[in-house]
Amino acid sequence: WLKPSPNRLRVWLLRAGQAAAEGGLARPRSAHPPVAMRLCLVALLCTFSARAVVALECKDAASCEAEVQSLVNRLGEMKTEMKGKQLTLAALEELRTGVLSGKRVELPSAQRQHLERGSPVISEVTFDARHRPISTNVSRHFKPLKMLAENVEVKFHTFLGLKKSAQKAGPAALLVTVDTASKLSVHALDGDVLLDAFDLGHGEGRTVTHLALSPKEDNHFIVSADDGGDVRVHDLKITAQKGKKSQPGDDDDDEPQEPKKKKLQIATNFSCTFALPPSSGGEARKLTALLPIERGSQTYFVTGDSLGGMAVFFRNGTLKGRVKVTEDPGGVQGMLRSQGQMILFYSSHSFGFFSAAQIDVQYPPCSGWNSPLFDIALDPSSSSSRVILALADGDVIVFSTQSGKNKACDLTLKFPHVSTLPFKLHAFRGHIMALPTPLPETPRQEEYTREIFFFNLAAMDAGYGLAPTRTVALQASFKPKQPDSLALQASSSPQDRGKAQVAVRYVGAKGVELFELNLKTPTSTKAAAGGNGGGGGEGGGTDWSSWLNWFPKIGVFGIALIGVVIWNVRKVTNQQKQGGSNVDDFDDELFRERLRERREKREAEKAAAAAGGGGAGSGGGLGDIGASSGSSMNEG
């Protein structure tokens, strides 16, 4: 009955159809139940595997064995595919459970990255299992202070530091904003508006594309550039005035009054304007970067353009010189102040250091990555010798520009891949703040969750292991709000070493929200390695380096001081022993001399007593006195 023959198969199908038409298969108890069941089974098998049965028709043993092996291989592939489907269903079930319970689900790094490329919502409901953040408590680290410029659509915002004389009675910084209408405003951190909707003078139809502030706190100016390439400079004069004193006749004289705070006032003055020089080939040159620097008492303005050139202008807007620094498409994309008078510039596939004094690149630029460069930051703990690069595909890599005393371009570190969006980078006391920012061509931008990541540089320097790492110190989510950009101002007070002000602007919202950031500075690399086992060790193990890093410096100084005191005491003691030995020798010799003299005297007395008879006894108990008096009388 089960012999695989095409003719027999056709007969089975005809009989099964005939039985079904007559209703034999529908009856509960057929006259021939075994035959009906066989026909039904054959019909089902032929329906699902007719091709496989026909494929088993072979001519000889070799062809049959090949056909069977092919079928086994296909079944193995289907088994692997079914296992993958089962894993997918399990992951989807975990995601469903997490969404319903309101908790994020941990997924492996590769699986999370793959799912996030297809659905941006994955980043909102999952964590990277290996790089899970240590803290997600936003209210603990971000303290809301004030909402500034609530009714203004802010396009740019940054902090303006105040000089030290004004810090005693006022804030350490002011918030400068430029709205979508290219109007400038300055706000105090307590909410006072010091300058409201000031026209920068770029004219109608022009849009401000760049904003830069003075690098020093005692000389304030604002540099703005528009989409036409025109740059305008305005000087700011910030003065502090004391509040009015109360008159003797005021009713509230008896009440205790708080000390009057100084009120800041700002006056603006147009300084100069300049533009990029035209290109010799007639190609349009677009301004892409703008940075003011101060070299001693001189101030320069450095610009970068879309043709790969960098130009230096004097304070009055006169061109000092221009040089081409890169051939990458898009030209210079950004600049940062580096150590000394050097300027760090970057393009899509290279970065280097530019000297404004010599108007030249001092060393060959560094390159070697495939994805375009999106943003750049400097590690302040390494004297600007480590450059952190954020690529367009979400990767973050670290280059070291110095090896000993020689210049280098060495790839030393790679951040964990926790987002498919590129990052905007900010350095903050041992951490790198990273804000995911979609590119203009990124589809479904509104579906991505924008959270601020704090990467611990010391933990990454210690290395990764098999255990979950501690590289992500904080992952801050502000949902339903989506941060669009942020500005950071570190506090200069020694009592607030772990605090700073952060101004966050949200997508589609007006104003800027001000926070106080409180995050501890991480330990050094060696201490971090001893504390967590390099990210994958057992943890809790200590070594001499970690002990030395933990032990306070005052303890080391105390131990050294005690050693010096003990050495001096032993030195003085040895000197005294050497001096005292001479005195002891002198006393011994004197004692021996006196003992010898006394013995000689006694022998003389015995001889005199023997010669004089009882003369010696007349002295009685007077002893030597009697003897000496008797001898003196005899002499008389």
Side-chain angles (χ1 to χ4, degrees), residues 156-161 176 178 184 200 208-217 219-227 229-236 271-277 285-326 328 330-348 350-362 365 373-378 380 384 387-390 424-427 485 487-489:
F156 299 102
H157 71 283
T158 184
F159 284 100
L160 176 65
V176 179
V178 174
L184 175 70
L200 294 172
V208 174
T209 57
H210 295 84
L211 178 68
L213 303 182
S214 52
K216 290 187 178 181
E217 298 178 350
N219 181 22
H220 300 99
F221 57 84
I222 292 179
V223 187
S224 59
D226 56 30
D227 50 1
D230 294 334
V231 182
R232 295 176 64 85
V233 183
H234 290 82
D235 294 329
L236 296 181
S271 176
C272 67
T273 181
F274 59 91
L276 294 177
R285 182 177 295 165
K286 182 180 179 182
L287 181 68
T288 57
L290 177 62
L291 183 68
I293 62 170
E294 293 192 3
R295 188 173 183 269
S297 60
Q298 295 182 348
T299 302
Y300 298 101
F301 303 115
V302 183
T303 62
D305 55 58
S306 58
L307 300 183
M310 295 183 65
V312 181
F313 295 85
F314 288 103
R315 182 65 172 82
N316 59 1
T318 306
L319 179 64
K320 181 180 179 181
R322 180 185 179 275
V323 65
K324 193 168 186 178
V325 297
T326 181
D328 293 338
V332 179
Q333 296 187 0
M335 294 181 293
L336 287 178
R337 298 184 186 93
S338 182
Q339 187 179 14
Q341 303 299 327
M342 303 299 292
I343 298 174
L344 173 64
F345 71 91
Y346 65 94
S347 60
S348 61
S350 65
F351 73 89
F353 294 90
F354 176 79
S355 174
Q358 302 180 5
I359 315 180
D360 195 7
V361 179
Q362 299 297 309
L373 182 58
F374 181 76
D375 196 16
I376 198 168
L378 288 170
S384 301
V387 183
I388 304 166
L389 313 178
K424 278 287 186 181
L425 304 178
H426 300 268
S485 65
L488 178 65
Q489 170 68 26

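Considering every non-hydrogen atom in both Ala356 and Val302, the closest pair reads CB-CG2, 4.5 Å. For the pair Val208 and Ser224, the tightest heavy-atom approach, listed with the atom from each and the gap, is CG1-CB, 4.4 Å. Here the shortest heavy-atom pairing between Ser350 and Pro365 reads CB-CB, 4.3 Å. Looking at every heavy atom in both residues, Ser338 comes nearest to Phe353 through OG-CE2, 3.4 Å. The two residues Arg285 and Leu307 make their nearest non-hydrogen contact at NE-CD1, 3.8 Å. The heavy-atom pair separating Phe159 from Ala487 by the smallest distance is CE1-O, 3.4 Å.
Rounded to the nearest 0.5 Å, atoms NE2 (His234) and OG1 (Thr273) are 9.0 Å apart. In this structure, CG on Leu373 lies 5.5 Å from CG on Leu389, to the nearest 0.5 angstrom. Separation of atoms OG1 (Thr158) and CG (Leu213) is listed at 5.0 Å; rounding is to 0.5 Å. Here the straight-line distance linking atom CD of Gln362 with atom CD1 of Ile343 works out to 11.0 Å at 0.5 Å rounding. To the nearest 0.5 Å, atom CG of residue Leu276 and atom CG of residue Leu290 are 9.5 Å apart. To the nearest 0.5 Å, atoms CE (Met342) and OG (Ser355) are separated by 5.5 Å.
Distance alone, capped at 3.5 Å, places no donor-acceptor pair between the His426 side chain and the Ala377 backbone. Looking at Ser214, its side chain does come within 3.5 Å of a backbone N or O of Asn219 through a donor-acceptor pair. Side chain of Arg337 to backbone of Pro292: a donor-acceptor contact under 3.5 angstrom is found.
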Self-check item: ring pair (Phe, Tyr, Trp, His ring centres under 6.0 Å) between Tyr300 and Phe313, worked out
Solution: CA-CA 6 Å; Tyr300 298 101; Phe313 295 85; over 10 Å; no
Exercise. Could you please spell out the steps behind the side-chain contact (heavy atoms from CB on, under 4.5 Å) verdict for Arg315 and Phe301?
Key: CA-CA 7 Å; Arg315 182 65 172 82; Phe301 303 115; 4.0 Å; yes
Exercise. Apply side-chain contact (heavy atoms from CB on, under 4.5 Å) to the pair Val231 and His210, showing each step before the final yes or no.
Key: CA-CA 9 Å; Val231 182; His210 295 84; over 6 Å; no
Exercise. Evaluate side-chain contact (heavy atoms from CB on, under 4.5 Å) for Tyr346 paired with Val387, printing each intermediate quantity in order.
Key: CA-CA 11 Å; Tyr346 65 94; Val387 183; over 6 Å; no
Quiz item: Can you list the steps and then say if Ser271 with Phe221 is a side-chain contact (heavy atoms from CB on, under 4.5 Å)?
Solution: CA-CA 9 Å; Ser271 176; Phe221 57 84; over 6 Å; no
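Applying the side-chain contact (heavy atoms from CB on, under 4.5 Å) test to Val325 and every residue at least two apart in sequence or in another chain returns Met310, Val323, Val332, Phe345, Phe354, Val361.
Looking at heavy atoms from C-beta onward, Ser485 lies in side-chain contact with His157 at the 4.5 angstrom threshold.
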